[in-house]
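Beneath this line is the structure, given in structure tokens, with notes to follow.
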Amino acid sequence: MEPLDPDKLPVHLAVIMDGNGRWAQQRMLKRIVGHQRGAETVKMVVEQASLMGIKYLTLFAFSSENWSRPALEVRALMTLLKKYIRQETARMMRKNIRYNVIGNRSDLPDDVNETLDSAINQTAGNTGMVLTLALSYGGRQELSAAAARMARDVVAGKVAPEKITTELFGTYLDTGGLPDPDFLIRTSGEMRISNFLLWQLAYTELYFTETNWPDFTINELHKALADFQSRERRFGKTSGQIMQRGGPLNA
Ligand code: IPE
Ligand code: IPE
Ligand code: MG
């Protein structure tokens, strides 16, 4: 395995964890078994990212659109989520990881919200990695809700329209306070964003792998991160300008 340069890791890694259902169906198992196995991959990625010193890890766990799945699958996913949070909170404390949630929490069942609140409160003082779970999250929903909140502040006279900048708008998003993701991994071979972090992914490096989420391994994570380290992030500049400033990734 190629060694990774610890100074050139993404500050913020985001993941669209996809392919649990297909993983299960290929094995004649119920889709929920794929989600259960996917939860094991979550544990591995959380542990590895925190060990490597990645500061922010954001996982797309349930989209606004996933509410349209069969009720049985939605219920099973909510139960699994609750179980996962309950089981993992002690480990998050040991690893100094702080929980954060983005998405429309008012759509989540009360018991899930209670479990989330308890985990968020318990880990609030942790100073290591920030683990953000995107739950009932949709990028367009987040953007329109942010626009509505900002419009209310304009109407209330707290914000002057001519003072609206990309930075100010960013503070109205669920992700206010988090840096934009540097790197996005999506598993299962689908090459789309599926309404994830539409605003925040503006300059994110994208990585797609055919591997289904339950089969995603430490080696694959390293391979993806090695790929990230080989990229030149130009942010609109020329390659020459970037090289002058001390090589790739230092833009
Ligand atoms: C990702 O796996 C998990 C969630 C979206 C909750 P999927 O359940 O989407 O798996 P596929 O895409 O059907 O294989
Ligand atoms: C995206 O996966 C959402 C999550 C990973 C939670 P989906 O499997 O729901 O995406 P689409 O609908 O196939 O694009
Ligand atoms: Mg899917």
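When reading the values below, keep in mind they use all heavy atoms of this one structure, side chains included, and skip hydrogens, waters and symmetry mates. Order of listing sets the numbers, starting from 1, for every ligand and every atom in it.
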Taking 4.0 angstrom as the limit and counting only heavy atoms of Ile16, give me the atoms of ligand 2 inside it, by number and element. 5 (C)
Can you find a pair of side-chain heavy atoms, one from Leu9 and one from Leu225, that are under 4.5 Å apart? yes
Could you check whether Thr175 and Gln200, counting side-chain N and O atoms only, form a donor-acceptor pair closer than 3.5 Å? yes
Contact between Thr58 and Pro181 at the side-chain level, heavy atoms closer than 4.5 Å - yes or no? no
Among Gly34, Gly38, Ala61, the residue with a heavy atom nearest to atom 6 (C) of ligand 1 is Ala61
May I ask whether Arg186 places a heavy atom under 4.0 Å from ligand 2? yes
Numbered in order shown, the ligand 2 atoms found under 4.0 Å of a heavy atom of Asn66 are 3 (C), 6 (C), 9 (O)
Checking the N or O distance criterion of under 3.5 Å, is ligand 2 in contact with Ser63? no
Report the atom name of the nearest N/O/S atom of Asp18 relative to the Mg ion (ligand 3). OD1
Aromatic plane relationship, Phe62 with Trp67 - under 30° parallel, 30 to 60° tilted, over 60° perpendicular: perpendicular
In terms of side-chain geometry, is the basic nitrogen of Arg105 or Asp117 positioned less than 4.0 Å from the acidic oxygen of its partner? yes
Taking the minimum heavy-atom distance to atom 13 (O) of ligand 2, which of Arg192, Arg69, Met17, Glu65 ranks first? Arg192
Would you mind checking if Glu40 and Lys43 are paired as a salt bridge, meaning a charged N to carboxylate O distance below 4.0 Å? yes
Enumerate the atoms of ligand 2 whose separation from the nearest heavy atom of Phe62 is less than 4.0 angstrom. 6 (C)
Atom 8 (O) of ligand 2 sits nearest the protein heavy atom Asp18 OD1, 3.1 Å
By number and element, which atoms of ligand 1 are closer than 4.0 Å to a non-hydrogen atom of Arg31? 7 (P), 8 (O), 10 (O), 13 (O)
Distance from atom 2 (O) of ligand 1 to nearest protein heavy atom, with residue and atom: Asn20 N, 3.2 Å
For ligand 1, which part of His35 has a heavy atom less than 4.0 Å away: the side chain, the backbone, both, or neither? side chain
Between Arg231 and Asp227, does any side-chain N to carboxylate O distance fall below 4.0 Å? yes
Geometric class of the Phe60/Tyr137 ring pair [parallel <30°, tilted 30-60°, perpendicular >60°]: perpendicular
Show the numbers, then the answer: is there a side-chain hydrogen bond (donor to acceptor under 3.5 Å, both in side chains) between Asn96 and Thr127? CA-CA 6 Å; Asn96 196 23; Thr127 54; 2.9 Å; yes
What do we get for Ser188 next to ligand 1 when only non-hydrogen atoms under 4.0 Å count, side chain, backbone, both or neither? neither
Check Ala134 against ligand 2 and report side chain, backbone, both or neither, counting heavy atoms closer than 4.0 Å. neither
Does ligand 1 come near enough to Arg22 that some N or O of the ligand is less than 3.5 Å from an N or O of the residue? yes
In this structure, would Val42 and Met44 fall into the same cluster of hydrophobic residues linked by side-chain contacts under 4.5 Å? yes
Nearest protein heavy atom to atom 10 (O) of ligand 1, by residue and atom, and its distance? Gly21 N, 2.9 Å
Could you pull out the closest heavy-atom pair between Asp215 and Arg27, with the gap in Å? OD2-NH2, 3.5 Å
So for Phe196 against ligand 2, with non-hydrogen atoms under 4.0 Å, the contacting part is neither
